[in-house]
J.: 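Structure incoming, see below.
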Amino acid sequence: MKDGKIIVLSAPSGSGKTTLVKHLLNKNSKLVFSISATSRTPRKNEINGKDYHFLKKESFIEAIRRKSFIEYEEVYEGIYYGTLKSELFKIWENKKIAVFDIDVEGGLNIKSQFTKNTLSIFIKPPSLSILKDRLLKRKTDSKKNVEIRISKAQKEIDQENKFDHIIVNDDISIAKLELDKIVDDFILKK
Ligand code: 5GP
């Protein structure tokens, strides 16, 4: 089966995208998280095969060579992220809807490959300064990495109009309600 549905949530890092993805997955058992592969090292609490498939850089590059990815990207210098074909097809074979938590380039790439069966949603932070505060409070990245993520965020926000929907994540409860409505409509759509 190669024509199931896909829901893509893309956003600058720190926009609350992961919280919204978890909310969706808890609400609806038809939705299954598409676990990306990455060459970055796991953070504390991250589990291999649950949060990501953590691969050595050489293994990631080998998988690129074997054309195992639907899309992949060097999201940060020297750090690769991508969606394995096997991951998406497994979800569709189980007659589920794949939920992607991927960056803007990756999200738009998926939308262009699976235009009709993909719902693409851009999660927008209320402002770049609020985003920076959130990233600093999260303490998972060094100050330098926060600066890198902020400069990437501006470029990502410039692409927001290419998505089917934009949700501004100012108040998380309101964002969840908006998301539920958009997703429910998409699931019901033939
Ligand atoms: P993080 O290191 O914070 O987990 O993720 C960094 C960025 O990579 C996030 O914007 C995340 O959405 C994105 N990302 C995660 N998986 C993929 C993927 O499979 N493909 C692409 N293009 N980006 C991904």
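The basis for the numbers below is simple: all heavy atoms, side chains too, and nothing from hydrogens, waters or symmetry mates. Whatever order the structure lists ligands and atoms in, that order sets their numbers, starting from 1.
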J.: Under 4.0 Å from ligand 1, counting heavy atoms only, is it the side chain of E71, its backbone, both or neither?
T.: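 The answer is the side chain of E71.
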
J.: Can you find a side-chain donor-acceptor pair between E105 and N109 that sits under 3.5 Å?
T.: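 No pair is found: no donor N or O on one side chain lies under 3.5 Å from an acceptor on the other.
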
J.: Only one of L20, D101, V183 forms a side-chain contact (heavy atoms from CB on, under 4.5 Å) with L9, so which one is it?
T.: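 The residue from L20, D101, V183 that satisfies side-chain contact (heavy atoms from CB on, under 4.5 Å) with L9 turns out to be L20.
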
J.: Does E178 form a side-chain hydrogen bond (donor to acceptor under 3.5 Å, both in side chains) with H165? I'd like the steps, not just the answer.
T.: CA-CA 10 Å; E178 268 182 62; H165 296 272; over 6 Å; no

J.: Look at atom 9 (C) of ligand 1 and say which protein heavy atom is nearest, naming residue and atom and giving the distance to 0.1 Å.
T.: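 Checked against all protein heavy atoms, atom 9 (C) of ligand 1 sits closest to K17 NZ, 3.8 Å.
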
J.: Looking only at protein heavy atoms, which one is nearest to atom 19 (O) of ligand 1, and what is the separation?
T.: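 That would be S36 OG, 2.7 Å.
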
J.: Are a donor atom and an acceptor atom from the side chains of Y80 and R40 found within less than 3.5 Å of each other?
T.: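 Y80 vs R40: no donor-acceptor pair found between side chains.
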
J.: Where does R149 meet ligand 1, judged by heavy-atom distances below 4.0 Å: at the side chain, the backbone, both, or neither?
T.: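 The answer is the side chain of R149.
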
J.: Applying the side-chain contact (heavy atoms from CB on, under 4.5 Å) criterion to P125, which one of D170, V168, I157 satisfies it?
T.: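 Of all the options given, the one that passes is I157.
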
J.: Please verify whether a non-hydrogen atom of E105 lies at under 4.0 Å from ligand 1.
T.: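 Per 4.0 Å heavy-atom rule, E105 does not contact ligand 1.
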
J.: Measure from NZ or CZ of K111 to the centre of the six-membered ring of F163 and say whether it is under 6.0 Å with the direction within 45° of the ring axis.
T.: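 Here K111 fails the 6.0 Å and 45° test against F163.
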
J.: N/O to N/O below 3.5 Å, does that happen between A37 and ligand 1?
T.: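 For ligand 1, there is no N or O atom that lies under 3.5 Å from one belonging to A37.
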
J.: Show the nearest heavy-atom pair for residues A11 and I123, with the distance to one decimal.
T.: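 Looks like CB-O, 3.1 Å.
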
J.: Within ligand 1, which atoms have a heavy atom of R40 less than 4.0 Å away?
T.: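 The list of qualifying atoms is 1 (P), 2 (O), 4 (O).
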
J.: Got the closest protein heavy atom to atom 2 (O) of ligand 1, with its distance?
T.: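 Result for atom 2 (O) of ligand 1: Y81 OH, 2.4 Å.
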
J.: Quick one: look at D101 and ligand 1, take heavy-atom pairs under 4.0 Å, and tell me if it's side chain, backbone, both or neither.
T.: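 Under 4.0 Å from ligand 1, D101 contributes backbone and side-chain atoms.
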
J.: Considering T41, D103, L84, which one's heavy-atom position lies nearest to atom 23 (N) of ligand 1?
T.: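 Heavy atom nearest to atom 23 (N) of ligand 1 belongs to D103.
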
J.: Closest non-hydrogen protein atom to atom 7 (C) of ligand 1, residue and atom name please, with distance?
T.: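 Answer for atom 7 (C) of ligand 1: V75 CG1, 4.0 Å.
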
J.: Pairing donors with acceptors under 3.5 angstrom, does anything connect the side chains of S120 and D164?
T.: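 Result is yes, a qualifying pair exists.
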
J.: Backbone, side chain, both or neither: what part of Y52 comes under 4.0 angstrom of ligand 1, heavy atoms only?
T.: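 For Y52, only side-chain atoms sit under 4.0 Å from ligand 1.
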
J.: Ignoring hydrogens, what is the shortest heavy-atom contact between I79 and Y81? Give both atom names and the distance.
T.: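 Shortest heavy-atom contact: CG2-CE1, 3.7 Å.
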
J.: With the threshold set at under 4.0 angstrom, would you say Y72 reaches ligand 1 through any of its heavy atoms?
T.: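 It does not, in that no heavy atom of Y72 comes within the 4.0 Å cut-off of ligand 1.
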
J.: For ligand 1, is any non-hydrogen atom under 4.0 Å from K152's backbone (N, CA, C, O), its side chain (CB onward), both, or neither?
T.: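 No part of K152 comes within reach of ligand 1.
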
J.: Could you verify whether a donor N or O on one side chain and an acceptor N or O on the other, from E71 and T83, lie under 3.5 Å apart?
T.: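 The criterion, which ignores hydrogens and geometry beyond distance, is satisfied for T83 and E71.
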
J.: Are E156 and ligand 1 in contact, using a heavy-atom cut-off of under 4.0 Å?
T.: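 No heavy atom of E156 comes that close to ligand 1.
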
J.: In ligand 1, which numbered atoms sit nearer than 4.0 Å to a non-hydrogen atom of T83?
T.: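 The list of qualifying atoms is 19 (O).
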
